[in-house]
Each structure stands twice: as structure tokens, then as C-alpha cells.
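The first residue in the sequence is number 1, and the count goes up from there.
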Amino acid sequence: MKLKKRTEILGVIDTLSSRYLKGKIRALKLAMITLLSGGHLLIEDIPGLGKTTLALALAKALGLSFGRIQCTSDLLPSDITGLSIFDRDENGFRFLPGPIFNNLVLVDEINRAMPKTQSALLEAMEERRVTVEGTTYPLPDPFLVIATQNPVEQVGTYPLPESQLDRFLITTGIGYPPEDMEKAIIQGGSIREEIRHIEALLTLDDILAARQAVKEEIYISTKMVDYIFGIVSATRQHSFVLSGVSTRGGISLAAAARSAAYLEGRDYVIPEDVQTVAAAVCAHRLILQPEQESLSKEEVLKSIVKSVPVPRV
């Protein structure tokens with residue numbers, strides 16, 4: 001079965017991973033799964049591994065309008081949403097939209113913004129609209145937020161509470177590229193200027209058609225729903241876990257599994273699709289027992305997935 005716009009979507013992944021984002025294909029695929037699922041992406045990693053470069057390259061290749069928010073401790077909600085200013089020519093107030101009014105918004109170092117500002121941003125992500133001075137404005141469609149944070153540096157940061165982490169469909173890292181590839185990247189230097197000249201490979205209509213195909217043409221059987229529920233339920237019963245994956249997390253896992261199946265060219269979900277995205281979708285939603293907080297949530301989640309019986313398709 002030929003899925004709408006799949007060839008074009010794969011073309012973006014191939015072009016970016018082979019020319020601009022070498023060694024970052026996993027993060028790139030997860031970003032595309034996030035876009036196709038209508039969610040938002042949180043990238044956690046140390047500075048200098050290409051988090052910002054990935055967002056810039058993706059925005060260019062997808063032909064999306066791009067906004068960037070550099071979070072600091074004095075960033076205000078109005079710096080994100082926009083505000084009304086007095087226009088002398090019209091003798092009245094005029095709304096000046098903030099950077100949130102773009103298709104792809106990069107939120108750099110989200111944990112450096114104050115909780116009040118984080119809350120305003122996350123509300124916009126959830127509601128896909130903002131209300132300023134009593135007036136509600138819809139956000140563009142598609143709307144994808146890529147937020148970044150450094151998991152190591154904690155000075156002057158306001159860590160996202162678990163309830164707000166739940167708003168992100170997928171969390172991933174970038175990781176170091178393989179040795180030979182990293183040497184080639186060091187030799188070639190920064191590609192930030194080169195990225196500015198990437199031609200758009202898709203249109204807005206292409207992206208919306210691809211998302212519609214994921215939603216309407218990818219079948220998820222009762223067995224797969226039972227399997228997803230089995231994983232979600234197991235997180236709530238594990239001895240290392242204080243609070244497991246929410247119902248919203250289960251919905252997100254099903255949506256991401258559909259997108260993973262789409263990228264593989266199938267019109268139905270199989271267990272491998274669920275397993276491919278399970279850690280990226282579910283790990284950040286776990287709250288571990290206080291005595292287990294030093295453990296990796298991703299490793300705990302992977303062990304839970306392994307413990308759940310895999311259904312036969």
C-alpha cells in the first residue's frame with residue numbers, strides 16, 4: 001500500500017541525515033515521528049551536540065516558519081505569546097504576536113525560564129492557542145515545539161515538573177556521533193551557515209496530508225491496544241516506580257507507534273513499532289521511588305517493556 005507523502009517524508013530524513021545531520025538519524029526520526037503525531041519534542045543533552053542545528057535544519061527542510069525563544073530567568077510570558085502595543089497612527093492598541101506564532105518553535109534551555117513562563121508556554125503547547133488580554137488567538141497548524149535542556153547543569157535552573165514533562169510526546173538525547181564521523185565533522189567545521197540555505201523539500205499541505213494519513217490510514221488492532229495498555233499498566237505496578245505512565249502517555253504511545261509504522265511503510269502497527277518508540281515516549285513520564293532516583297528512567301522503562309508478553313500479530 002502506498003501511503004500518502006511517505007516518499008517525501010523519507011526524502012527529508014535521508015537528505016538531512018546524509019548531508020547536514022550526520023550521526024543524528026535516530027533523533028531526526030523521532031523528531032519526524034513527533035511532527036507526524038502532532039506532538040512536541042524535548043531534547044535533553046549537553047551543549048554542543050547539535051540540538052539547535054537539528055531544529056534549524058528541520059524547519060528549513062520542512063518549509064515551516066521558524067521562531068526561537070532563548071530562555072533566561074527574566075523571560076516573561078509576554079515575550080513568548082506577544083503583547084498589545086499602542087499604535088499612534090490608528091489611535092488604538094495593536095496585538096504584536098510573539099515567537100510562539102510560528103509552525104516550528106525552538107525553545108532553547110527551557111529549564112532556565114521561571115515556572116510562570118514555562119507554564120504559559122506549556123499551556124500554549126497543549127491548547128494550541130493563546131489568550132492575551134482577554135482575546136484568544138489560534139496558533140498555526142502544524143505547530144511543533146522543540147525544547148532543549150541541559151540535564152547536567154542545575155545552577156540557575158527551574159526543572160520541569162513531571163506534570164509538565166507529560167506535555168511532551170517524545171524526549172530524546174542527541175548523543176555523540178561515531179568516532180570517524182565526529183572527526184569528519186570537526187574537520188569540516190560548523191555547518192550553521194550552510195543550513196540557512198537548505199531548500200524546502202515539503203509544503204505545508206504535504207505535512208498535513210502525511211499527518212492525516214498517519215491518523216486515518218494506519219490501523220492499530222485490539223491486540224496492539226492491549227499490548228500498549230500492558231506496558232502502561234506494568235509501569236504503574238513496578239516496584240521501582242512511584243507513579244507510572246498516564247492515560248495521556250498511553251494515547252501518545254499509540255500515536256507514535258502509528259507514525260513509526262508509517263515511516264516503515266506499513267498501514268498497520270506491529271509490536272516492533274511500539275517497542276521502537278516506547279522509551280522515548282514513556283521514560284520521562286515515570287516518577288521513580290526516592291531510593292531509586294539514581295537509576296536511568298530509560299533503562300527502567302526498557303526492562304518493563306521486556307517483561308510484558310509480546311502479542312502475535
Using atom types as modelled and distance alone, determine if a side-chain donor or acceptor of [X] lies under 3.5 Å from a backbone N or O of [Y].
X	Y	value
D87	G92	no
R6	K2	no
K223	R312	yes
D45	G175	yes
Y262	K4	yes
K51	E44	no
R258	I218	yes
Q149	T157	no
R128	F143	yes
T235	V232	yes

Grab the two heavy atoms, one from [X] and one from [Y], that are nearest each other, plus how far apart they are.
X	Y	answer
A283	K297	O-CD, 3.4 Å
G11	L201	O-CD1, 4.3 Å
A234	V308	CB-CG2, 4.0 Å
R266	D273	NH1-OD2, 2.7 Å
V132	L83	CG1-CA, 4.4 Å
L286	G244	CD2-CA, 4.1 Å

For [X], look at atom [atom1] and say whether over 12 heavy atoms of other residues, nucleotides or ligands are found less than 6.0 Å away.
X	atom1	value
K29	NZ	no
F66	CZ	yes
E123	CD	no
E216	CD	yes
E199	CD	no

Item to check | Donor-acceptor pair between T172 and R26 side chains, under 3.5 angstrom | outcome: yes
Item to check | Side-chain donor-acceptor pair present, D206, T203, cut-off under 3.5 Å | outcome: yes
Count I, L, V, M, F, W, Y as connected when their side-chain heavy atoms are under 4.5 Å apart, and connections chain through other members. Are [X] and [Y] then in the same cluster?
X	Y	value
L144	V105	no
I9	L21	yes
I110	L56	no

Next on the checklist: Going by side chain to side chain donor-acceptor pair (under 3.5 Å), name the residues that satisfy it together with H284, two or more places apart in sequence or in a different chain.
Outcome noted: T171
Item to check | Pairing residues for T72 by the side chain to side chain donor-acceptor pair (under 3.5 Å) criterion, not counting sequence neighbours | outcome: D74
Checklist entry - Does the pair L62 and L35 meet the rule for a side chain to side chain contact (heavy atoms under 4.5 Å, CB included), with working shown? => result CA-CA 10 Å; L62 295 175; L35 175 69; 3.6 Å; yes
Next on the checklist: Evaluate L169 against L41 for side chain to side chain contact (heavy atoms under 4.5 Å, CB included), listing each step before the verdict.
Outcome noted: CA-CA 6 Å; L169 183 95; L41 176 68; over 6 Å; no
Next on the checklist: Test side chain to side chain contact (heavy atoms under 4.5 Å, CB included) on R236 and V241; report intermediate values, then the result.
Outcome noted: CA-CA 7 Å; R236 299 167 186 167; V241 179; over 6 Å; no
Item to check | Parallel, tilted or perpendicular, as decided by the 30° and 60° cut-offs, for the rings of F95 and Y137 | outcome: parallel
Next on the checklist: Show, in sequence, the C-alpha distance, side-chain angles and deciding distance for T148 and L106, and conclude whether the side chain to side chain contact (heavy atoms under 4.5 Å, CB included) test is met.
Outcome noted: CA-CA 8 Å; T148 73; L106 170 64; 4.0 Å; yes
